[in-house]
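Right, one structure below, let's go through it.
These values consider heavy atoms only, across backbone and side chains, with no hydrogens, waters or symmetry-generated copies. Convention: sequence-line order gives letters A, B, ...; per-chain numbering from 1.
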Number of protein chains: 2
Amino acid sequence: MATSSDTDSSNPKRDQILKTGRELFWKFGFRRVTVEELCREAGVSKMTFYKYFSDKMDLAKTIMNDFGEESIARYRAIMDSDLSYPEKVYRLLRLKKEQTEAMSDEFFRDYTSQADPEMLEHVQEMSAGVFQMFMDDFSKAQQEGDIRKDVKVEFILYFLNHMMEMVQDEKLLALYDTPQDLAMEFINFFFYGLIERDRK
Amino acid sequence: MATSSDTDSSNPKRDQILKTGRELFWKFGFRRVTVEELCREAGVSKMTFYKYFSDKMDLAKTIMNDFGEESIARYRAIMDSDLSYPEKVYRLLRLKKEQTEAMSDEFFRDYTSQADPEMLEHVQEMSAGVFQMFMDDFSKAQQEGDIRKDVKVEFILYFLNHMMEMVQDEKLLALYDTPQDLAMEFINFFFYGLIERDRK
DNA sequence: GTAAGATAATACATATTTCGTACAATAATA
DNA sequence: TATTATTGTACGAAATATGTATTATCTTAC
């Protein structure tokens, strides 16, 4: 797993390439962005690019990796905090929204279709890791009485995954004065249908 | 000006190509989209594509042209309606927002950098036409007392062009509970700072 | 059913783009 | 000043896109 992200000795040029790569890949996907264009946007010569990254895919791997690690860190930061469980879930939602907005489907699709098997495996390992963390946190929350004992974890995952889509559903939105109202409706539903009854 | 938009005999395949072209060009710009990919997405063979359009640029021209004509038609529909002047301006704003959201900068940049001079001229003529219409409508509104006599048309144009950016300004947004509040603030400012005093 | 026209699938030669590297010139740095 | 990092340009090789030709398949009106 020798991607260029291992050595993070802050390097302005390399950082600039990473930053530009994120922006362009996020926006247009992997295959639609050329190395030349990326260098132009980053204000960096092609030689410098190939100095820090072996090729375009290497950059993509680094970006994916950084993104994954950052996501995990932020997830852990929320779950390990002293916040109430409802507040934690709320922040997870915001985190998810922020991230799915940032990362384009395009990039992920291009990436998974062109990355080598080794790296795909790594991404899947990270995903599996997050899933396991979520499961553990969920069990803990059940044991501590934050969540009803008879709720399936799959249901929660499904609900979280779809909540952001639902709150953007046109027909639903039409029923509320503002998008915020609908979001609030969902969050209330989520908690007051879920939280242990004898809790405040 | 023999683009393929002249003959609009409804043709499902051709329409499908136009629709897909709009989607992909809007999203990724002109040069990032290939004919092959476009055909794939439209569910159409390459032969069919080249039957209806001489090449990719021809499709882009048609899309641009349709977009321009549709914009002009919608502008006229608003201005020629019996709505109050404030209501007209409000609808123009919404129209502008809708359209700038739909049309990506990418497409416009790619287009203007690669389209032939003849077509560029055509786009500019359309723009000029809209500008002239706006000027005429503005004069009319001044004569009819909807707008103060001492306001420069350039100011209005500038203000309208920047209003949508301003209502999305982070720092401004931070001052209001909801984005809607800020938008309302702007619209109120626009009208009550502009409308003839002796009008209701 | 069948003939005619439209569309798809495939293959292909050509043109264009992109990639990755080499090398000389320039800027930054210690 | 010596050294290192970076740029700009050029370039061949590889990959990709273009536009056309051909043949097969699908529609549909008769």
Side-chain angles (χ1 to χ4, degrees), chain A residues 2-4 7-21 23-25 27-63 106-107 109-116 119, chain B residues 2-4 7-63 106-107 109-116 119:
Chain A
T3 69
S4 311
T7 55
D8 266 13
S9 55
S10 86
N11 181 319
K13 293 286 175 186
R14 187 173 174 281
D15 292 348
Q16 182 57 33
I17 294 172
L18 277 172
K19 181 161 165 275
T20 308
E23 287 169 6
L24 292 180
F25 287 157
K27 202 159 155 194
F28 300 115
F30 177 71
R31 81 201 142 88
R32 301 186 128 92
V33 178
T34 70
V35 174
E36 215 134 14
E37 154 181 46
L38 204 147
C39 293
R40 200 184 329 119
E41 290 296 313
V44 148
S45 80
K46 223 174 359 164
M47 286 312 295
T48 307
F49 175 90
Y50 284 107
K51 182 180 177 184
Y52 293 114
F53 303 95
S54 63
D55 54 20
K56 194 166 72 165
M57 183 48 83
D58 182 30
L59 173 62
K61 285 177 183 176
T62 307
I63 289 174
E106 278 289 309
F107 182 39
R109 264 201 299 270
D110 286 0
Y111 181 82
T112 51
S113 76
Q114 302 197 26
D116 62 63
M119 195 57 201
Chain B
T3 69
S4 311
T7 55
D8 264 14
S9 55
S10 83
N11 182 316
K13 293 286 173 184
R14 187 173 174 281
D15 292 348
Q16 182 56 34
I17 294 171
L18 276 171
K19 181 163 165 275
T20 308
R22 259 193 303 272
E23 288 170 6
L24 293 181
F25 287 158
W26 256 222
K27 200 158 157 194
F28 299 115
F30 178 70
R31 81 201 141 87
R32 302 183 127 94
V33 178
T34 70
V35 175
E36 214 134 14
E37 152 181 50
L38 204 147
C39 293
R40 202 186 326 120
E41 289 297 312
V44 148
S45 81
K46 226 183 342 175
M47 286 313 294
T48 307
F49 176 89
Y50 284 107
K51 182 180 177 183
Y52 293 114
F53 302 95
S54 63
D55 54 21
K56 194 166 74 166
M57 183 46 87
D58 183 30
L59 173 62
K61 285 177 181 175
T62 306
I63 290 174
E106 277 288 309
F107 182 39
R109 264 201 298 272
D110 285 0
Y111 181 83
T112 52
S113 77
Q114 302 198 24
D116 61 65
M119 195 61 203

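Among the atoms of the strands shown, base atoms are found under 4.0 Å from some heavy atom of K46(B).
Rounded to an integer number of Å, the gap from N11(B) CG to dT28(D) P is 13 Å. Distance R32(A) CZ to dT16(D) C1': 14 Å, rounded to the nearest Å. Taking atom CE on M57(A) and atom P on dG20(C), their separation rounds to 11 Å, with Å as the unit. The distance from atom CD of Q114(B) to atom C1' of dT17(C) is 12 Å, rounded to the nearest whole Å. Summarising the geometry, the separation between CG on D55(B) and C1' on dT14(C) is reported as 16 Å, rounded to the nearest angstrom. We find that CZ of F49(B) is positioned 8 Å from P of dG19(D), with the value rounded to whole Å. Residue L59(B) contributes atom CG, which lies 15 Å from atom C1' of dT18(D) at whole-angstrom precision. As rounded to whole Å, 18 Å separates atom P of dC23(C) from atom OH of Y50(A).
In this structure, D58(B) contributes its side chain and F53(B) its backbone to no donor-acceptor pair below 3.5 Å. Using a distance-only test at 3.5 Å, with no hydrogens or angles considered, no donor-acceptor pair links the side chain of Q114(B) to the main chain of Y111(B). For K56(A) (side chain) and V33(A) (main-chain N/O), a donor-acceptor pair under 3.5 Å exists by modelled atom type. A distance-only check finds a donor-acceptor pair linking the side chain of E37(B) to the backbone of T34(B) [under 3.5 Å].
For dA6(C), neither phosphate oxygen OP1 nor OP2 lies less than 4.0 angstrom from any side-chain nitrogen or oxygen of T48(B). Residue Y52(A) has a polar side-chain atom (N or O) positioned under 4.0 Å from OP1 or OP2 of dT6(D). In terms of phosphate contacts, K13(B) brings no side-chain nitrogen or oxygen within less than 4.0 Å of OP1 or OP2 of dA6(C).
In the set dG19(D), dC19(C), dT6(D), dG19(D) carries the atom at the smallest distance from any side-chain atom of V35(B).
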Criterion side-chain contact (heavy atoms from CB on, under 4.5 Å) on R32(A) and F28(B), from CA distance to verdict: CA-CA 8 Å; R32(A) 301 186 128 92; F28(B) 299 115; 3.4 Å; yes

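Closest-nucleotide positions on DNA chain C for E37(A) and M47(A) were compared, and the one nearer the 5' end corresponds to E37(A). When each of G43(A) and E36(A) is assigned the nucleotide of DNA chain D bearing its nearest heavy atom, the one mapping closer to the 5' terminus is G43(A). Between K51(A) and R31(A), it is K51(A) whose nearest contact on DNA chain D lies nearer the 5' terminus.
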